[in-house]
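Quick notes on the structure that follows.
First the proteins, then the strands, lettered A, B, ... as listed; each starts at 1.
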Number of protein chains: 2
Amino acid sequence: MADRPYHHGELRTALLDTAEALIRERGVDGWSLREVSVRVGVSPSAAYHHFASRDALVQALSRRVLARLGERLGDEVERAGGDGVEGVVAFGRGYVRWALEDPAVARHWLAYNAGGGDRTAPHPHRVLAAALDRLVETGGLPAEARPGADFVVWAAVHGLAALLVDGLVHLDTPEAVYAQAERVVRATLIGLSRQAPPPQGWPTPRSAYTERAVDPRR
Amino acid sequence: MADRPYHHGELRTALLDTAEALIRERGVDGWSLREVSVRVGVSPSAAYHHFASRDALVQALSRRVLARLGERLGDEVERAGGDGVEGVVAFGRGYVRWALEDPAVARHWLAYNAGGGDRTAPHPHRVLAAALDRLVETGGLPAEARPGADFVVWAAVHGLAALLVDGLVHLDTPEAVYAQAERVVRATLIGLSRQAPPPQGWPTPRSAYTERAVDPRR
DNA sequence: CATCAATCTGAACGCCGTTAAGATCGAGGC
DNA sequence: GCCTCGATCTTAACGGCGTTCAGATTGATG
């Protein structure tokens with residue numbers, strides 16, 4: 001307030017960082033715009049030069065979290081080889097591990113997720129779709145089973161993560177959680193391979209990750 | 001305020017009903033305790049004789065929603081025959097239909113779900129577990145695959161419902177949504193049947209639905 | 001009919017998100 | 001080197017929120 005320069009310089013990022021830290025400390029709703037401002041050392045109204053509202057900050061944070069998750073999942077799929085079943089398994093394990101390691105922030109994303117993500121990072125759904133495409137190329141999944149398969153696997157993995165983060169399902173050790181994630185992914189893939197493929201004209205789901213302009217203030 | 005009797009009589013239920021109606025009208029967070037009180041025709045502090053806090057009302061509503069879902073799913077599984085794969089498919093379709101037909105309330109439950117449910121109604125997880133048990137009895141699922149299978153199916157169905165409710169996945173018609181739910185359930189069941197069963201001592205997940213005393217004020 | 005606990009009211013507290021008017025600063029043109 | 005101008009931040013205020021507390025009203029008990 002007194003020792004700080006009048007212009008902060010990185011206020012937008014500082015607000016996001018501080019909000020995220022508070023979420024980690026006290027849970028999804030354990031913070032206010034005013035408290036974030038105080039902690040950053042700035043008046044409550046300063047935030048309104050960078051975010052149109054508190055909700056806009058929440059959305060921006062959600063996008064940032066999503067972008068980091070996408071990046072991380074891309075790396076993990078890559079590191080697992082990426083071309084076979086192991087790549088998809090790595091996706092599932094990474095998704096769930098992320099929810100386990102940073103539960104408050106993950107819960108924030110689950111509750112206030114923003115449809116579109118940061119366009120500089122791949123959306124988790126894209127990472128999964130790419131992994132499944134390569135699985136088809138390497139013969140690990142019949143091509144007829146591919147359409148819409150991403151949504152089946154995503155649903156299973158997302159559901160496990162949500163149940164864990166919300167405390168509806170409990171496992172004692174992280175290893176048990178990863179094992180469960182692996183079982184979910186492998187079962188899903190086997191089922192998709194053996195299942196009668198969807199008929200022609202089957203309505204394919206669409207992801208909310210559509211390219212669109214994003215007002216940085218929103 | 002003037003024409004109403006001093007004692008409401010059914011205030012607790014009226015508050016829950018009105019909050020639910022407001023959620024349906026304006027979304028998960030589009031209401032306040034004060035507004036609910038005004039609509040019921042009661043002063044804001046009256047609610048505190050029935051709920052310890054606003055959050056307690058939220059939790060109570062969440063439990064009520066959960067109980068209704070469990071009851072409904074039980075009926076639908078029953079109506080589908082219940083002993084074979086069709087019973088589990090009916091569970092998945094019902095779960096997703098519920099999310100589709102009452103999205104705001106479903107979103108409320110997803111965001112503020114209470115671990116334990118009303119003990120007079122079966123928890124959805126119990127309904128699913130029972131359906132899977134009968135599936136094993138009728139030979140539709142190998143007994144070795146049964147341990148933990150409920151959590152695999154639940155994760156897949158829950159995930160699809162969550163993705164739909166949050167708008168992360170879109171399908172144009174309700175029929176397409178049900179078809180997707182069916183595909184998810186059938187693929188999961190096939191995968192569980194064909195997959196190498198989990199080894200002895202495999203750590204089984206636990207549901208948060210443990211019988212425990214619930215303070216009606218909380 | 002008196003008592004008493006349960007229920008509800010009215011007023012107040014501090015915190016919240018948000019807005020408006022003005023102070024402070026840094027950068028680009030003279 | 002100064003001046004302007006737009007961006008950034010402050011101070012002050014508004015109404016609404018959840019919550020508390022002292023007191024009014026009521027139906028049930030005996």
- To the nearest Å, give me how far apart CZ (A:Phe51) and P (D:dC9) are. 12 Å
- Message: Checking side chain to side chain contact (heavy atoms under 4.5 Å, CB included) between A:Leu132 and each of A:Leu189, A:Leu192, A:Val152, A:Val127, which is the one that passes?
- Response: A:Leu189
- Candidates C:dT19, C:dC8, D:dT19 - which lies nearest the side chain of A:Tyr48: C:dT19
- Message: What is the separation between atom CD on A:Glu10 and atom P on D:dC9, rounded to the nearest whole Å?
- Response: 11 Å
- Spacing of A:Leu15 atom CG relative to D:dT8 atom P, expressed in whole Å: 13 Å
- Message: Between A:His50 and D:dC9, is there a contact of a side-chain N or O with OP1 or OP2 at under 4.0 Å?
- Response: yes
- Item | Under the ring pair (Phe, Tyr, Trp, His ring centres under 6.0 Å) test, residues paired with A:Tyr178 that sit two or more places apart | none
- Message: When you compare the side chain of B:Arg68 with that of B:Val65, does any pair of heavy atoms fall below 4.5 Å?
- Response: yes
- Message: For the residue pair B:Arg54 and B:Trp31, would you count it as a cation-pi contact if the rule is NZ or CZ under 6.0 angstrom from the ring centre and within 45 degrees of the ring axis?
- Response: yes
- Query: Between C:dT9, D:dT8, C:dT18, which nucleotide gets closest to the side-chain atoms of A:Leu33?
  - Reply: C:dT18
- Item | N-O pairing of B:Glu86 and B:Arg79 below 4.0 Å | no
- Query: Any idea which of D:dG18, D:dC9, C:dT9 is nearest the B:Ala46 side chain?
  - Reply: C:dT9
- Task: Measure the distance from CG on A:Asp29 to P on C:dC16 and round it to the nearest whole Å.
- Result: 13 Å
- First encountered from the 5' end of DNA chain C, between B:Arg34 and A:Trp31: B:Arg34
- Query: Whole Å only: how far is the CZ atom of A:Arg12 from the P atom of D:dT8?
  - Reply: 12 Å
- Task: Name the closest nucleotide to the A:Ser32 side chain, picking from D:dT10, D:dG18, C:dC16.
- Result: C:dC16
- Separation of B:Arg54 atom CZ from C:dC16 atom C1', in whole Å? 13 Å
- Any donor-acceptor pair under 3.5 Å between the side chain of B:Ser45 and the base of C:dG10? yes
- Task: Using whole Å, report how far NE2 of B:His49 lies from P of D:dA22.
- Result: 13 Å
